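Just below is one structure, and these are the notes that go with it.
Atoms considered below: every heavy atom in the structure, side chains included; atoms not considered: hydrogens, waters and symmetry mates. Just so you know, these numbers come straight off a predicted model, no measurement behind them. Below, chains carry the letters A, B, ... as their sequence lines are ordered, and counting in each starts from 1.
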Amino acid sequence: MSAPSDNMPIPAPAIHSKPLLVRHLPYFIGAAIIVALAATMRFDGYVHNILLQATTFSIAVFGLSVVLGLCGQINLAQAAFFGLGAYAVGIGTTDLHVSFWVCLVGGCLISLLAGAFLGMSTLRLGGHYLAMVTISFQQIVTLVMINAIWLTRGPDGVPNIKRPELFQSSQSYLAFCVAMLAIVGYLVWHLADTKLGRAMRAVRDNELAAGVNGIDVFRTKIYAFALCALLGGLAGGLFAGGFAYVSPDQFSFAESIVFLTMSLLGGVASPIGSTIGTGLLILIPEWLRFLKSVPGLYLAIYGLFVILIIRFMPDGIWGFVADAFTRWRAKTKAPPAAAALQLRPATVGGDTVLEVTGLSKHFGGLKAVDGVDIAVKRGGVHALIGPNGSGKTTTLNVLSGLYEATAGRIVLDGTDITHMPPHQRTAAGLGRTFQNIRLFRSMTALENVEIGAERPGNTMVGKGDDALTERAMEALTFVGLGNRANELISSFSYGHQRLIEIARALASNPTLLLLDEPAAGLNSTEKLELHELLKRIAAQGLTILIIDHDMTLVSEAAQHITVLNFGRRIADGESLAVLRHPDVVSAYLGSE
Amino acid sequence: MRLTRRDFAAGIAAGIAAPYLIKGAHAQGATIKIGMCAPVTGPAAESGGYAIKGAKLALEAVNKAGGILGKQGELIVEDDQTTNPGIVLAFSKLAAQSDIVGFLGSIRSTQVHAMAPDVIKLGKPVMIGGTDPNLTHMGNQWLFRCRPNDSYSGRVIAEYGVNTLAKKKWAVLHSTDAFGTAGGKALTEALTKLGAPPVLDQGYANQSQDFTPVVLAIKQSGADILGSYFTFENDLGIFARQLRQLGVNIPWVGSPSIVNITALKLAGPALYNTYGVADYAEDSSEGSKAFGKIYRDAVKVAPDNQSSWTFDAVNVLAQGINKAGTTEPGKVREAILAIKKFPGAEGEYNFDQNGDGLHGYNIVKNDKGKIVFDKHIEFND
Amino acid sequence: MDLALQLLFTGIGIGAVYALVALGFVLIFRATNVVNFAQGEFSMVAAYLMVVAIEAGLPYWAAFIVALLGMALLGVIFNLGVYYPLRHRTYLPVIIATIGASILLANSVLAIYGPQPQVLEGWFETPGIQVGPVYLDSQYLLIIGVTICLVIFNFWFFEKTLLGKKLQATSQDKEMASLLGISVSTMIMITFIYSAVLGGLAGILVAPVLFVSIQMGSTIALKAFAATIIGGFGDVAGAIIGGLALGVIETFGAAYVSVPYKDGFAFLVLIAFLIFRPQGIFGERVAEKA
């Protein structure tokens, strides 16, 4: 996808930290101890059943922590996926006489496929549609479980479900489930720090910004959804083996809501939170039995708590605790020092980096952009100006792929990008910032910039997470914020957030950098700093296309200016000449 | 609402801790303990209340008459939340108390299915009210049923319609939940045996808002009699009204819900002159009348099968333990299976080797909104 | 043919119920971009209020007014307690909060009133009339009539009155509306009140047909939501057409395909629509302004 380039990957100085598995050793030791306890401690049947339920449900809730917590998509059908896994084991081990393991894997696959299919058909829509479609799916699965008696034995359910030979006793089966919980928990926990996990978080925080930073939003959502379904299926399979009986009413819409609440209560973004939430929602009804003499009272209080948790603890119990910890840690942990940022924009095409011909964008009858030509020369700063409503931002959005062009052609460094989605344009070497800053608000400055550095086709980053972090640190240091890398976005001033957004684009080593009104909202000192920064960027040979009202900034920084009015190009050429052009003067004085 | 996040967190912490502090210690007494899983919460919470009252009334009577093995009986109730996972937890909580000698399970068949594996593991007698015939035919020797099972209700409906009302062209309508499916199957089988296979066998999903297509199907099938298994009263009410509105007036024999008080209130005249099978009918026997009087005195509402089966279950269990002379489960089991001609509220108990205590149903008629006992049909096989 | 006519009437009757509830969804969605999952519970609460008011001895019309006033109050509480504190967050927390509210409402009524279904008499004495081969249930006739009136009223209200235009301006562009001196929070409050009253009206109208029960709202609401998507989200006429279409599809599907899977048709149609004709139902794709 990305053009071959003459910039060579520079050997990244390796940071010799301990391997991941060693750093996470305490987790595995802790998990091993808990598994050993589950295998050896004597429980009575009641405690055993509660533990088994909590363990299997937790795995299903982990699924939600991926789709809802990491990726920000809603899934109101987790009980259906749970049920698919449970029925696969139930029917498989009884009617079909297949080994437990085959059934478990089969159930996971069925759930995975169902989740992926559902995701592919609706994740483009997102939001409320997704909520509705998952409810529909849930209802259909329930109806089939009840009515397809030849397959599911109908409402009677499937009794006498088998367990694997290896874990026949209740005790060993519980230990097995706890071990699965520990492994899945580790994977989900670690997922957040992988490339896919970061992509999911970026999609959750800001789909638009994720797209223009090279993330395939749609595919990321499908991965998250399919993974969630897979974990649901796995949990269901384990549940069926544990309780030896499944029936349709265990996998109803109401159960999906229970899963959702478990996830919210504990903290939607982390496996620890999921486990806490699941445990509490299984235990609380047990503790509150005294409340239950009035039918409905307990559930009414439960409903009230859902509202209150959303209102006062948006990140759940664990989020509440972890948030305090992160704030404390961010203040104490000093970020590593970084080398100077290298920008080596690719050069494949000739002198012209961006060649726009006959570009049009019509909204219904409104011609927002109409037959515009722009040629941006390599190296240096090119400005696109025009009065309010002249079509500047629309042009930029068509360039970065947020709008589909009605007509015209866009060639970036020899590659035709006219019909590419945003993330592919980014891969082709386009970087941009937004007029209203679009950062991933739940992440630190460093994590934001890392997402930029992860651009597919970025040749400036070596292999591995450490190289990524290093590149991101360089970019942050370049804009002067290296010492605050581990702080959350919310603690930065508006001007600094703008710099982080620029750093995010720079880390990806773009061929062309689009800046959408970078000076908007900045005070005069910050504007001066920005001007200095643009000079330093230009000095490294990176081409910049800037859109701004600020005539001082434009006239000082840009060598070349294109002027739009009413969606058409009215002037183009060397800065000073254009600014004196009579049409330009009248366009500005006449309208503003 | 000036509530900060911090206040809210503190509130949650206090809420979670409270049950530990409130939890009082129960003193161990010299009583014989009977465990009971009942829906204290959930959709069946109200009938769960009746069930608990029925069991308590029986235990009071048993205690007055000398108790169980000379000791006072004590009932320990756990909430099954009207769900399957709920009853599994409730039962295992009871099962963990080793001094409980016998149990009352659920009136819902799926719940009994759900708890059945744990029952086998525990190996103590559990009295049940679920009417799915399979429950006592799947090799679980610890389940004892204190209501007639659905194979009998189906046979009774078929017997009454074919032989007493002399109708042969049947439409069978049932809900697609566990209860309705099993009932519909039993009725269809019984009709086929009597040489009158149904001309229409129609299922419907619970909480339907409209039955027009079903009514029209019945009309078109040319059936001259209707047999039905409805689970929820509002479905029954909507169906009954639409049936009459669309001009279908064939005789109708239904499962117990058709004579349920709520159904009578909802459907009103639409249910006049229908017949229902009832495991409990107040005028069907001396035992039924006696229970009716005790229950009306104590609870001030009309008795129904929700309370009569638990009343009988406690009595049968106490009788079994007393006959066995011990609480040793195997002996108690033998003693219960040996119970014959025991007069209960639901009818006369004659346990068979499967653990089914009752083998017949009452037919009652809706006479302008009043339920009158018509006849009892008993089977010996 | 007679059969089909009877099915068509019932389908339109049921569809009109979906359409009424769908209308409430659409209004709130347009004003706040939030789908209110407690909309069905509004219908249920109104029906119970009506039962309580009649039991208290009020005449039918007075009970009707009391119930609708109660719904207006519920709309205010719902806005202040559920939507307003979360108005600056994304749609997700708000959806979940409305789900919480629906659990809270349903179970509060259960705790206060118990689980048995109740009877609410219809407005008319006669249960229905026979027209040729078709039996017309009087309550369904009333529901269809009210739906037609509401469509006309909504058109007049949103297109011809100043308040209606202000509400529309708010739902289309909040920032612009506030620049024009419209109080956005007041407009949203009015929307919630109006939606709660509409939902309540639907509940009171269907109660004589479906009886008054805790679950009466939730099943209708799910179908109504499906109807809004099929008809075209955010569009009043779409909600009505979607509702009617769904009612008819369901009734004919039950008669000619399968009764037990009846509830599945709505959702199958919905998923099919979303997969094959998403553009067709939204019209212009809505892109976020960069």
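In terms of heavy atoms, C/Y140 sits closest to B/Q209 at OH-O, 4.3 Å. Nearest heavy-atom pair across C/P117 and B/K265 is O-NZ, 3.8 Å. Annotation for B/Q202 and C/P260: closest pair NE2-CD, 4.2 Å, computed over non-hydrogen atoms. Counting all heavy atoms, side chain and backbone alike, B/L266 lies closest to C/F211 at O-CE2, 3.3 Å.
Residue C/K262 places its NZ atom among more than 12 non-hydrogen atoms of other residues, nucleotides or ligands, all under 6.0 Å distant. Taking a 6.0 Å sphere around CD of C/Q130, one finds it holds more than 12 heavy atoms contributed by other residues, nucleotides or ligands. Heavy-atom contacts from other residues, nucleotides or ligands closer than 6.0 Å to OH of C/Y84 number 12 or fewer.
In this structure, C/Q139 CD and B/R241 CZ are separated by 9.5 Å, a value rounded to the nearest 0.5 Å. Here the OG1 atom belonging to B/T212 is positioned 11.5 Å from the CG atom belonging to C/L8, to the nearest 0.5 angstrom. Expressed to the nearest 0.5 Å, how far CG of C/L3 lies from NZ of B/K219 amounts to 9.0 Å.
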* Worked verdict on B/Q207 versus C/M216 for side chain to side chain contact (heavy atoms under 4.5 Å, CB included) -> CA-CA 8 Å; B/Q207 308 295 354; C/M216 67 181 279; over 6 Å; no
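Contact count against chain B (heavy-atom pairs under 4.5 Å) is highest for C/V119 among C/L80, C/V209, C/V119. Between chain C and the residues B/A217, B/G237, B/S175, the largest count of heavy-atom pairs under 4.5 Å involves B/G237. Heavy-atom pairs under 4.5 Å with chain C were tallied for B/T176, B/V214, B/L216; the largest tally goes to B/L216.
Looking at C/P208, the atoms closer than 4.5 Å to chain B (heavy atoms on both sides) all sit in the backbone: N, CA, C or O. In this structure, the portion of C/S213 lying under 4.5 Å from any heavy atom of chain B is its side chain and not its backbone.
Checked options B/I238, B/D235, B/D210, B/N234; the residue passing with C/L210 is B/I238 (criterion: side chain to side chain contact (heavy atoms under 4.5 Å, CB included)).
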